[in-house]
Structures are given as structure tokens and as C-alpha cells.
Amino acid sequence: MGTIAIVVIAYRRLPNVNPTTVALTFLLVVLLLASRWGLPVAITTAVVATLAFNYFFLPPVHTFTITESQNWIALLAFLASAIVASRLSERARREALNATRRRKEVERLYSLSQQLLATDNVMELLNSIPHYVRDAFGLKAAAMFLPKRKEVYRTGADHPELSEEQLESVSGRGELVVDEEQQLCFVPLRIGVKPVGSLGLEGAVLSRETLEAVGSLIAISIERAGAIETLTRAEAARESEKLRSALLDSVTHEFRTPLTSIKASVTTLLSTPQIDSEGQKELLTVIDEEADRLNRLVGEAAEMAQLDAQQVELRRETYTVRQVVEAALEKSKQVLAGREVKLQLPESLPSVRIDLERIAEVLVQLLENAAKYSPPGTPITISAEPDGKMVDISVADRGPGIDDMEQSLVFEKFYRGRDQRYRVQGTGMGLAIAKAIVEAHGGTIGVTSQLGSGSVFHFTVPSE
């Protein structure tokens, strides 16, 4: 009303003011109030403005009497225009508020969907869903009921309004329930017509479309997480079967070969007493070598089990890289006999803090592989260089190389190259053991290779 009074005072001080100008000003005031305060205030203002327009600006002034019929028409037209304009302005304001509310709900739905897709762990997801919904929409509490699990997941235990009976009832009927007075919503969770459960919300009344979208989104996320868990379980079972087959193949092939040689040698010794001393020595040498091989195979299997169980204690001390290389070369001298080994070890290399025996074992494994898989007479190169807080040690050979598809598999337990598994002896555990040892030191191991150009195996260890 104060605005109307201001307009009246302002125009009364102006000489010869046009009534049409006054009417349009009043109409503008009514529109502004309608857009800000709503329809009831706007209509009240329109009536007051009509009376003020009649009393102060339509002759005879200072009376509510209208002598000319055209002024009646002008006054009624003003009142009708003000009321219609108020209704239109109120509708526009209401639609703008609804659009803003829907936009915010869509943003919250998007945020909720991002949170629901962030985890594939079913139990973690189920416990988190009520908290996600409460935080996304600013609610007091939320609860979710799943009939398959016969369990209610809540944001807290002190909200009896979200009773298990009501949640179970909504889940069974599949109907949306909204109590605006108590600000409670119960939403069925379903995919199509398939019921999954129900969701209870306390503290706000959301639109029906948003509630249905939340219900469908949660149902989809639960089904997705369940499907991923089932797929993961099936994949784990398949990998376990694959590992079992690989182990069986390794045991059958690798353990049977030395056992066959030992059995044949012993049988020959027992069945041929007249064999000369040279022949006996040769057969006993075979037995000795194959027994050593069996012992090594069993030792590798035991070591792999210990590394997997993290039962190996590292004895870390400070050594130079050259000391590590020399220890590995000493252990590999029989395998590397007649093979040129090139060393590229800069004098400026920092010392490393490692378990010497274990890291030397890694280097021995790489050297033995290089000797096995590269042609006789070709050199093997051992090099090292600093890499930040680590030292990178590599072994390069001139073998046949490793296919790109196999480079990520060679460090898996019992895996052996497709083209080499029946040509070169081995269990496929050596590189897996090397990887476990390097990772126990906090380093990484990898391979760079190109078919026909050899391979470079490299690993990092912490520097002093």
C-alpha cells in the first residue's frame, strides 16, 4: 500500500498529469508485486490502486463518484487489466519456481546417480544408498527395504516414522505413498514391473516424477552391482579353474620329466649289474641333476606360496648396484657359461637399500631367461640408471621377443609363452616370484619387447 501512496503523492504534485500515465504506473506496480509476492497481494493492490485512481485522478476528484461513462469504462478496464496481469505474472512466477525446483532436483538426481555408480560392492552400496539419498535431497532421514534380504537399511535408528511395516507394504503393493503433512514419501523400487524393494524419505516432499526417477535409479544400481558381483564371482571361478589347469599341466610336465629320468636311470642300474663304471657314473649324474631339478621346482613352489602369503621378511641393507650384479653373475655362471655379458653401470649410480639375496634372485631369474630364450653366442646386457628415488636395473637379450598380447601375462604364475612352453624347460613361476620380490621392495617390474628384436626386462629398487 505504501507504493500506491508514493505514486499518488508523486503524481499529485505534477501539474496536468495524464490519467492514462497514472493508470499504467499503477498497473506496473501491480505487476511487480505479483511477480514478487504472489496473486493475493497483487489483487489487493489492484483494488486499492483502482480506488486511488478513481478518488485522486478521475473527475470529480476527491470523491468516488464518476460522472462520465467513459471513465467508468476506463476504471473497469484498469481493474480487469490489473487482475489479469496479476494472474499471468503469478503463473509465470510459479512456473519459474517450479522450473528452478525441477532443475535442482535434476542436479541432485545426477549427483545421486554418480554416487550410486561409484561402487560395485553390493554390501557397501546397500549400506550407503540411504545416506546418498538423504545428503542429495537434504532430508532428515531415509530408509530402504529389500524383500530378498529381509533387511532394512537406514541412515539412523531414531526415525520410527519410516517403519519396516510401511516399507514392506509399499514394496508389496508397488504404489507411491506421499504424506505432505508429515513430509513422508514411500517409493517402490522396481525395474519395469519387477519389484526390488522400497524407499522411505522423511523431511521433504519431492515431485512424483523425481520420486519415481529415484526409485528406478536405485533399483538399477542395485541390480547392476549384483550383476557385477555375480560376474566377478564367475570370473574368479574361471580364473581359479584356469590356474588349477595350469598348475596341473606344470606339475604333470615339469615334475614328470625328472622323475622319468630318475626312474629310467635307477631301473637301468638295477637291471644291468654288469654296467661299467663310466656308465654307472653317467646314470648317477643324471639322477643327481634331475633330483636337483626336482628340489628346485619344489623350492620355487614353496617360495611362491610364502611370497603370496607375505610371510617373507626382507633383510634390507645398503649395497652398490655392482655388488648386486656380481652376486647374480656368480649364481648364474653355469647358465651363462660361454655367453658374453656386457655391463653398463655408471660410477655415479646411487646405492640401493635391498635384501641382497632376494634381489640377486630376481636378477638371476632374468639372466637365466635371457640365456634360455636367446640364441647361443649372443650377448646379454645388464644396465642400470637412476630413476628419481629408485634405481632402474635392466637385462637385455637378443631373443625372439615377446608378443604384445603376452607381455602383460609373462609375470603371471605358471604362464609360459605359447611358442616356448614345450621347447624350453620351466614351470612359469620364475617371473612371478621375481615380480613378488620386487613389489615387496616397493618397486615395479616390466618388459619392453619387439618380435624378432629381443626383450628388455627391467625392474626398480629403492635407492639409499
Using the side-chain contact (heavy atoms from CB on, under 4.5 Å) rule, take R339 and S374 through it: C-alpha gap first, then chi angles, then the decisive distance, then the call.
CA-CA 10 Å; R339 178 89 62 167; S374 58; 3.2 Å; yes
When you measure from the side chain of H458 to the backbone of T444, do you find a donor-acceptor pair of N or O atoms at a distance under 3.5 Å?
no
Crowded around E223 CD? As in, over 12 foreign heavy atoms under 6.0 Å?
yes
If we only count heavy atoms from C-beta on, is the I437 to E361 side-chain gap below 4.5 Å?
yes
Nearest heavy-atom approach of F186 to E161 is CZ-O, 3.8 Å
Are side-chain heavy atoms of M144 and V133 found at a separation under 4.5 Å?
no
Nearest 0.5 Å, please: how far is CD1 in I359 from CD1 in I393?
7.5 Å
Which one of I402, L367, L363 satisfies the side-chain contact (heavy atoms from CB on, under 4.5 Å) criterion with F457?
I402
Checking K342 against I380 for the side-chain contact (heavy atoms from CB on, under 4.5 Å) test, could you report, in this order, the C-alpha distance in whole Å, the side-chain angles of both residues, the deciding distance, and whether it holds?
CA-CA 6 Å; K342 298 180 179 180; I380 297 173; over 6 Å; no
Could you please spell out the steps behind the side-chain contact (heavy atoms from CB on, under 4.5 Å) verdict for K148 and V196?
CA-CA 8 Å; K148 283 186 178 181; V196 175; over 6 Å; no
For residues R358 and L314, determine if any side-chain heavy atom of one lies less than 4.5 Å from a side-chain heavy atom of the other.
yes
V341 side chain reached by P379 side chain, heavy atoms, under 4.5 Å:
no
Output all residues satisfying side chain to side chain donor-acceptor pair (under 3.5 Å) with S169, sequence neighbours left out; order by chain, then residue number.
R173
Side chains of D179 and V205: closer than 4.5 Å at any heavy-atom pair?
no
Counterpart residues, side chain to side chain donor-acceptor pair (under 3.5 Å), relative to S455 (two or more places apart):
S449
Closest heavy-atom pair and its distance - S198, E168
OG-N, 4.4 Å
Gap separating the CD1 atom of I354 from the CD atom of Q323, nearest 0.5 angstrom
9.0 Å
Show your working on side-chain contact (heavy atoms from CB on, under 4.5 Å) between L184 and L162 and close with a plain yes or no.
CA-CA 8 Å; L184 294 174; L162 304 176; 4.1 Å; yes
When rounded to the nearest 0.5 angstrom, what distance separates CD1 in I218 from CG in L189?
5.5 Å
Find the distance between OH (Y319) and CG (D355) and round it off to the nearest 0.5 Å.
7.5 Å
Of all residues at least two apart in sequence or in a different chain, which pass the side chain to side chain contact (heavy atoms under 4.5 Å, CB included) check with V438?
V362, I445, F459
Tell me the closest heavy-atom pair linking S221 and I129, and the distance in Å.
OG-CD1, 4.2 Å
Is any side-chain heavy atom of E368 closer than 4.5 Å to a side-chain heavy atom of V364?
yes
Provide the full list of side-chain hydrogen bond (donor to acceptor under 3.5 Å, both in side chains) pairs with a residue in residues 384-402, sequence neighbours left out, each pair given once.
S383-S394
Is there a side-chain contact between T318 and V352 (heavy atoms, below 4.5 Å)?
no
Could you pull out the closest heavy-atom pair between P350 and P386, with the gap in Å?
CD-CB, 4.2 Å
Hits for salt bridge (Lys or Arg N to Asp or Glu O under 4.0 Å) against K263, two or more places apart or cross-chain, chain-then-number order -> none
Could you list the residues that satisfy salt bridge (Lys or Arg N to Asp or Glu O under 4.0 Å) with R208, not counting sequence neighbours?
E212
Can you find a pair of side-chain heavy atoms, one from E317 and one from L356, that are under 4.5 Å apart?
no
